[in-house]
Amino acid sequence: MISFKDLTLAYDRQPAVHHLTGQIARGALLALVGPNGAGKTTLMRAIAGDFPAAEGELKVNTKRIAWLPQQADVDRQFPIDVRAFVAMGLWARIGAFCDLGRKGRDRVDEALAAVGLSGFGARPISALSGGQMQRVLFARLMLQDAELCLLDEPFAAVDARTTEDLMALLHQWRAEGRTVIAVLHDMDLVRRHFPEALLIAREKIAQGPTAEVLSEANLTRARLALASDDRAALSPRAAA
Amino acid sequence: MSHLLQPFLDYVFMQRALLGTVAIALSATPVGCFLTLRRMSLMGDAMSHAILPGVAVGFLVSGLSLGAMTVGGIVAGLAVAVLTGAVTRATGQREDASLAAFYLISLALGVLLVSLRGSNVDLMHILFGSVLALNDAALRLLCVIATLTLVTLAVVWRPLVLECVDPTFLRSVSRWSGPVHLIFLGLVVLNLVAGFQALGTLLSVGMMILPALCARFWCRNLGPMVALAMGVAIAASLAGLVASYEWSLPSGPAITLSLGAIYLFSLICGPKDGILARFRPRPHFHS
């Protein structure tokens with residue numbers, strides 16, 4: 001589904017991820033983990049086609065990609081109700097001009113029901129709590145009917161019950177044959193729910209079965225690799 | 001009441017003024033709603049100053065010619081919008097900083113150019129407009145711009161909404177993001193140029209921003225907000241023109257002050273975020 005070879009992604013010549021090689025199989029449920037500043041979001045943006053490779057190669061064998069960015073990207077004060085917001089997930093079918101139709105409206109209601117928000121359709125998005133907004137974003141993602149689902153910190157600031165409910169959806173999507181990649185910081189959650197993980201710290205530290213990837217040795221290695229990168233970037237020689 | 005409406009029955013210049021301001025109300029207020037929702041209200045104000053040098057060049061070339069000043073205003077407005085975007089991308093400066101620099105240069109340049117040839121009366125005409133002196137050509141231009149704006153908004157409505165509420169999502173599902181931003185900037189410039197015919201370069205932005213800000217205090221959804229903003233702009237135009245006729249006030253400022261009065265009323269009484277509403281217990285939603 002996704003393969004990268006010697007992939008380097010950089011902001012203004014400063015690498016966020018460098019020399020990454022590996023692949024992610026179709027139907028995987030994979031957690032992308034690493035310390036803050038490891039390059040996880042940048043890698044997700046590159047897979048979504050929103051960030052160009054500075055060097056190397058990145059191949060994604062589908063164009064049906066759904067991307068759930070960090071919540072801060074949504075203007076919660078915009079005057080739009082939940083139903084209209086979720087309906088945007090049908091963009092691939094309705095585009096800029098077509099009407100939703102009866103079928104489209106039914107699908108929106110079904111998606112809201114699937115995330116536990118039946119009856120919330122007429123509410124403005126500004127009236128939702130953080131957890132409810134995250135459910136709304138999942139409902140929109142469902143409607144995109146994508147082969148590849150990319151989720152950037154989908155459970156940040158969400159309570160345990162909402163997290164468990166939304167995790168059940170991720171398992172359901174995987175059972176339907178979709179590939180799901182999620183950036184996560186909660187290692188317990190990753191160990192409980194994700195069979196595979198990719199640990200990065202600007203470079204690849206480990207990839208494979210979660211229990212092996214999240215070993216204490218690998219996590220320590222990731223922290224040290226990032227600290228060493230930062231020291232190198234701040235050294236007088238690098239500055240010169 | 002009929003006494004107040006009598007001038008519109010008796011005088012053609014009042015009918016023209018009303019028709020012109022209604023055209024601007026229908027056209028500029030939806031654009032203003034999107035401007036305020038994108039937190040670009042001050043950008044609209046800056047752009048209204050930015051069209052001045054183009055209008056002034058048109059004035060230098062052809063005097064108070066509608067066509068020359070309109071084309072000049074559109075070219076100058078678009079040039080400043082494109083230059084601001086280019087400088088922001090090339091230098092990493094924030095867009096509002098680049099825009100502030102360009103609009104100040106434009107305003108000074110525009111006033112200088114007008115003063116090279118014109119009198120203080122000409123300068124006042126350009127800065128504050130003359131809604132009571134709209135001729136056939138000006139009315140036609142206002143109606144054409146209103147039609148073009150409403151048709152364009154109908155076409156780009158969905159991507160424009162998405163660009164406002166979740167630009168990252170729009171980029172991920174379509175290629176509309178760049179074009180819709182440029183189309184929107186074009187509509188802003190076009191409507192500021194239309195507004196300047198009636199209200200002048202300094203006050204034209206008032207008809208764009210104030211009705212949108214009023215409507216925001218009353219509506220929770222975009223469609224009703226745009227409809228209410230249009231109604232507010234038409235009501236303020238009517239009130240401003242009547243006040244202007246009855247008490248011999250300058251009509252542009254009278255219309256803008258009418259909008260200001262509705263804004264203050266909305267600010268105090270509006271059920272959504274109005275001052276009084278903050279002290280009233282609100283019913284909660286039911287799922």
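Quick caveat: nothing in here was measured; it's all calculated off a predicted structure.
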Has the side chain of B/Arg158 got a donor or acceptor atom that lies under 3.5 Å from a matching backbone atom of A/Met88? no
Measure distances from [X] to the heavy atoms of chain B and classify the residue's part below 4.5 Å as side chain, backbone, both or neither.
X        : result
A/Ala96  : both
A/Arg140 : side chain
A/Gln144 : side chain
A/Ile125 : side chain
A/Asp81  : both

Quiz prompt | Partner chain B: residue of A/Gly121, A/Ser126, A/Pro79 with the largest heavy-atom pair count (under 4.5 Å) | solution =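 Heavy-atom pair counts peak at A/Pro79.
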Most heavy-atom pairs under 4.5 Å with chain B, out of A/Leu68, A/Ile94, A/Ile65, belong to A/Ile94
Checklist line | A/Ile80 CD1 to B/Asn221 CG distance, which is reported to the nearest 0.5 Å | finding: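 Answer rounded to 0.5 Å: 8.0 Å.
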Honestly, the part of B/Val155 sitting under 4.5 Å from a heavy atom of chain A is both
Of the backbone (N, CA, C, O) and the side chain (C-beta and beyond), which part of B/Arg39 lies under 4.5 Å from a heavy atom of chain A, both, or neither?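 It is the side chain, since no backbone atom gets that close.
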So does A/Gln23 have more than 12 non-hydrogen atoms from other groups sitting under 6.0 Å from CD? no
- More than 12 heavy atoms of other residues, nucleotides or ligands under 6.0 Å from CZ of B/Phe265: is that the case?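 No, because the 6.0 Å sphere around CZ of B/Phe265 holds 12 heavy atoms or fewer from other groups.
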Contact list (residues 177-191 of chain B to chain A, heavy-atom gap under 4.5 Å, by number) returns none
Between B/Phe169 and A/Val74, is the side chain to side chain contact (heavy atoms under 4.5 Å, CB included) condition met? List the steps.
CA-CA 9 Å; B/Phe169 180 75; A/Val74 176; over 6 Å; no
Just say parallel, tilted or perpendicular for the rings of A/Phe78 and B/Phe34, cut-offs at 30° and 60°.
tilted
Comparing B/Val165, B/Val156, B/Leu162 against chain A, the one with the most heavy-atom pairs below 4.5 Å turns out to be B/Val165
Pair count under 4.5 Å, heavy atoms only, with chain A: among B/Met225, B/Arg216, B/Arg38, highest is B/Arg216
